[in-house]
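Just so it is clear, the model here is predicted, and its values are computed rather than measured.
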Amino acid sequence: MLRRTSTNIISDIESHYDKILKNCNTLRSLIQLHSVLTTTGLIKQSVHLGAKIIISYSTFKHIEHARFIFNTHDHISSSFLWNTMLRGYVNNGFHAHALGFYKLMHGYGIKSNNFTYPFVLKSCASDGICSYGKVVHCEVVKSGFGTDGYVEAGLVDMYAGCGVIEDARKVFDGMGGRDVVCWTAMISAYEQSGRGGTALELVKEMQDESLRMDWVTCVTVASAVGQLGDVKRGKSVHGYAVRNGFLDEVPVVNSILAMYGKCGEVEYAEMLFEHTKKRECITWNSMLTCYTQNGLASEALSLFEQMKLSDVNPNEVTALVLVSACAYLGSRQHAIKIHDFITVNNIEINLSLWNAIIDMYAKCADLDTALKLFQDIPLDQLHVSSWNTLIAGYGMHGYGKEALNVFNQMKEEGFQPNHITFTSVLSACSHAGLIDEGKKCFSELETFAVVQEPKHYACMVDMLGRAGQLNEAYELIKNMKLQPNDEVWGALLLACKSYGNTNLARVAADNLFNLEPEHTGYYVLMSNIYADSKNWEQVGILRQDMKNKGLRKPAALSFVEFNNELHGFHTGEQLDSFTRDVYQKVKQMVTELKMAGHVPDLSCVFHDVEEEDKDGMLIYHGEKLALAFGLMNIDPKLPIRITKNLRVCTDCHSTFKLVSRVYGRKVIVRDVNRFHHFEDGLCSCNDYW
DNA sequence: GTAGGGTTAG
């Protein structure tokens with residue numbers, strides 16, 4: 001007869017409870033099992049069961065229960081138990097606790113082993129505490145685990161997480177026998193630090209060593225490709241993922257969707273999204289982002305309606321994307337809807353979401369709500385970024401004095417302005433024509449030790465340009481210590497347009513065409529300047545130049561908000577019955593305005609055609625159609641809100657001013673640069689935009 | 001009887 005030893009019996013009991021533990025799907029059943037094991041005393045005696053319960057509690061995020069079991073265990077010197085507890089902390093993101101626990105382990109004289117370090121290093125990486133990571137690295141070397149592949153991969157990740165990519169690379173280069181996980185760690189390190197190109201070079205090196213990408217590598221590679229906007233490589237990664245069956249892994253789909261979004265390939269993203277059955281929150285977010293990034297904010301909002309019908313819960317990133325979509329659309333009604341949704345669904349509003357909501361209201365021309373939300377920020381959470389958002393909000397509406405007041409208040413309350421604060425303040429001064437104040441702010445950059453950026457100069461050039469001080473603006477550019485970028489020259493070009501300075505415009509344009517040869521807007525602006533001076537020959541040359549480069553002027557599109565919906569109008573004749581009435585109204589409006597003294601500004605039509613035809617082309621501008629629609633349908637007590645994807649033309653601008661006086665209507669127009677508030681015959685931009 | 005690389009937003 002076989003005699004059973006006590007070891008056999010214990011292992012029988014352990015496997016018995018193992019089975020029960022596996023079926024503990026709820027916290028309640030786990031607590032029940034815990035109490036049984038406690039009364040029998042088993043939990044304190046068995047390292048195996050103790051560890052299992054610690055991990056189970058950790059997965060239910062009840063880390064203090066886990067710690068209690070650890071603290072009361074008989075085998076407190078078991079490094080396996082220490083490692084298990086450490087794992088609990090790390091997997092729940094309690095990195096500071098993890099590091100404290102690791103130090104405690106030292107205090108108790110427990111030796112770390114090859115299983116301990118990967119956990120500790122992960123905590124060092126997540127908290128970005130490189131100094132402590134280096135201490136751990138020394139300990140790794142001293143304890144002789146410096147050549148363990150898992151530990152080395154952890155070191156690579158730790159240095160990458162702390163942003164010290166060179167040190168990550170040193171560890172990586174010193175490794176023997178690198179597998180695909182190690183390579184991916186290093187590739188990801190480059191990708192995360194914004195060096196997508198280097199990441200892809202490393203992929204090639206890996207493949208040269210006959211290692212194949214697995215699905216995690218694919219996720220990283222798709223991100224790197226997205227950074228570079230390299231559609232061709234993007235499609236090849238997609239193909240690779242398909243051939244290897246990696247699309248079953250949701251993160252691969254998410255990453256490829258995001259990549260297509262960044263490459264501007266909306267249709268590919270849509271196809272992939274449609275073919276994906278297993279959609280997680282991030283999958284929806286990636287598709288929403290793809291739409292928003294590509295200027296398809298309405299599509300994003302309709303997709304969100306679909307998402308609400310699915311069984312996936314939106315998170316704070318979903319909220320952020322939708323808020324930016326609403327900001328893009330400038331639709332206040334949508335803004336309120338999304339804001340309500342966030343509140344009703346208890347979506348956590350972190351600082352960046354809060355700022356985004358303030359920015360959204362500002363872009364929907366509801367500055368009262370924006371200000372109220374700013375004032376609602378708890379004092380201990382108030383951050384320079386929120387001040388910046390508010391200042392920018394006032395600035396884009398031409399409320400320069402208000403922006404300056406906020407700026408002063410911010411300084412009085414002891415907040416340190418940063419480079420973004422100055423961009424916002426300077427831009428506010430520029431939009432409001434506050435030149436002396438703007439110059440004073442510019443000099444304050446030094447006072448606050450903020451490094452000058454081209455953007456700051458662009459604001460100054462815009463400010464001087466608005467005042468007609470073109471030579472001073474040009475001198476400022478010539479004396480810049482930095483290399484002027486396209487924004488700086490662009491501001492000068494705009495000023496040249498307003499003041500009809502073709503010679504200086506040519507200088508600005510030459511620089512712009514060198515810096516941004518693919519930017520359609522600058523060609524259009526220069527061509528308009530030539531058209532203003534009736535230099536049709538140069539207009540023709542520029543047009544041909546654009547054609548040769550395959551550049552096309554983007555179609556003008558205007559939206560007007562009515563009854564919770566946005567109605568879009570493009571320039572030109574539209575023949576459906578819906579717009580026929582609008583046409584009648586435009587014609588009537590234009591006639592009435594002519595009687596009120598409006599003279600059409602034909603310089604807005606940049607074609608070399610007969611004057612009579614020009615008149616006809618002008619009245620069909622999308623924003624005029626939108627305005628007519630608004631006059632017909634919107635309650636006269638409410639402002640008419642119009643958004644437009646390009647700049648407003650001079651004739652529309654003067655028409656809008658007159659409409660605000662003749663019909664006594666408030667009109668708020670958001671163009672690509674700023675807001676125009678039309679009231680009583682005047683515009684908040686003071687006729688410079 | 002434990003461990004390493006990963007996706008959206010900013």
Taking the side chain of [X] as its heavy atoms from C-beta onward, which of [options] lies nearest to it?
X	options	value
A:Ser255	B:dT7, B:dG5, B:dA9	B:dT7
A:Phe119	B:dA3, B:dT2, B:dT7	B:dA3
A:Pro251	B:dG4, B:dT7, B:dT8	B:dT7
A:Val216	B:dA9, B:dG5, B:dT7	B:dG5

No-H, no-angle donor-acceptor pair, [X] side chain to [N] base, under 3.5 Å:
X	N	value
A:Asp148	B:dG4	no
A:Asp214	B:dG5	yes
A:Thr184	B:dG5	yes

By the 4.0 Å heavy-atom rule, please label [X] as base, sugar-phosphate, or nothing.
X	answer
A:Thr116	nothing
A:Val180	base
A:Asp157	sugar-phosphate
A:Thr84	nothing
A:Cys182	base
A:Thr289	sugar-phosphate

Q. side-chain hydrogen bond (donor to acceptor under 3.5 Å, both in side chains) with A:Tyr260: which of A:His238, A:Glu267, A:Glu265?
A. A:His238

(Q) Whether A:Lys170 and A:Asp173 form a salt bridge (side-chain N of Lys/Arg under 4.0 Å from carboxylate O of Asp/Glu) is what I want to check. (A) no

Would you mind reading off the distance between [X] atom [atom1] and [N] atom [atom2], rounded to a whole angstrom?
X	N	atom1	atom2	answer
A:Glu191	B:dT7	CD	P	7 Å
A:Ile187	B:dT7	CD1	P	13 Å
A:Asn315	B:dT7	CG	C1'	12 Å
A:Leu272	B:dT8	CG	P	14 Å
A:Met287	B:dT8	CE	P	15 Å
A:Asn355	B:dA9	CG	C1'	14 Å
A:Asn91	B:dT2	CG	P	14 Å
A:Trp284	B:dA9	CH2	C1'	18 Å

Q.
Using a 4.0 Å cut-off on heavy atoms, which residues in residues 53-73 of chain A reach DNA chain B? List them by number, or say none.
A. none

(Q) Tell me which residues in residues 306-314 of chain A lie within less than 4.0 Å of DNA chain B, going by non-hydrogen atoms. (A) none

**Q.** Within residues 162-206 of chain A or reaching into it, pairs that qualify as ring-ring contact (aromatic ring centres under 6.0 Å, His included) - sequence neighbours excluded
**A.** A:Phe172-A:Trp183

Q) Restricting to pairs with a member in residues 129-152 of chain A, which pass ring-ring contact (aromatic ring centres under 6.0 Å, His included), not counting sequence neighbours? A) A:His137-A:Tyr159

Q. Residues in side-chain contact (heavy atoms from CB on, under 4.5 Å) with A:Thr72, at least two apart?
A. A:Phe68

Q: Not counting sequence neighbours, which residues clear side-chain contact (heavy atoms from CB on, under 4.5 Å) with A:Ile282? List them please.
A: A:Asn254, A:Ser286

(Q) Under the rule for side-chain hydrogen bond (donor to acceptor under 3.5 Å, both in side chains), what residues qualify as partners of A:Ser352, not counting sequence neighbours? (A) A:Asn350

Q. Among all residues two or more places apart in sequence or in another chain, which pass the side-chain hydrogen bond (donor to acceptor under 3.5 Å, both in side chains) test with A:Asn244?
A. A:Arg212

Kindly say if [X] contacts the phosphate of [N], meaning a side-chain N or O under 4.0 Å from OP1 or OP2.
X	N	result
A:Gln293	B:dA9	yes
A:Lys122	B:dA3	no
A:Gln192	B:dT7	yes

Q) With sequence neighbours left out, what residues match A:Arg67 under salt bridge (Lys or Arg N to Asp or Glu O under 4.0 Å)? A) none

**Q.** A:Leu211 to A:Val180 - nearest heavy-atom pair and separation
**A.** CD1-N, 4.3 Å

Q. With centres under 5.5 Å and planes under 30° as the test, does A:Tyr150 stack with B:dA3?
A. yes

**Q.** Over 12 foreign heavy atoms within 6.0 Å of OH, A:Tyr328
**A.** no

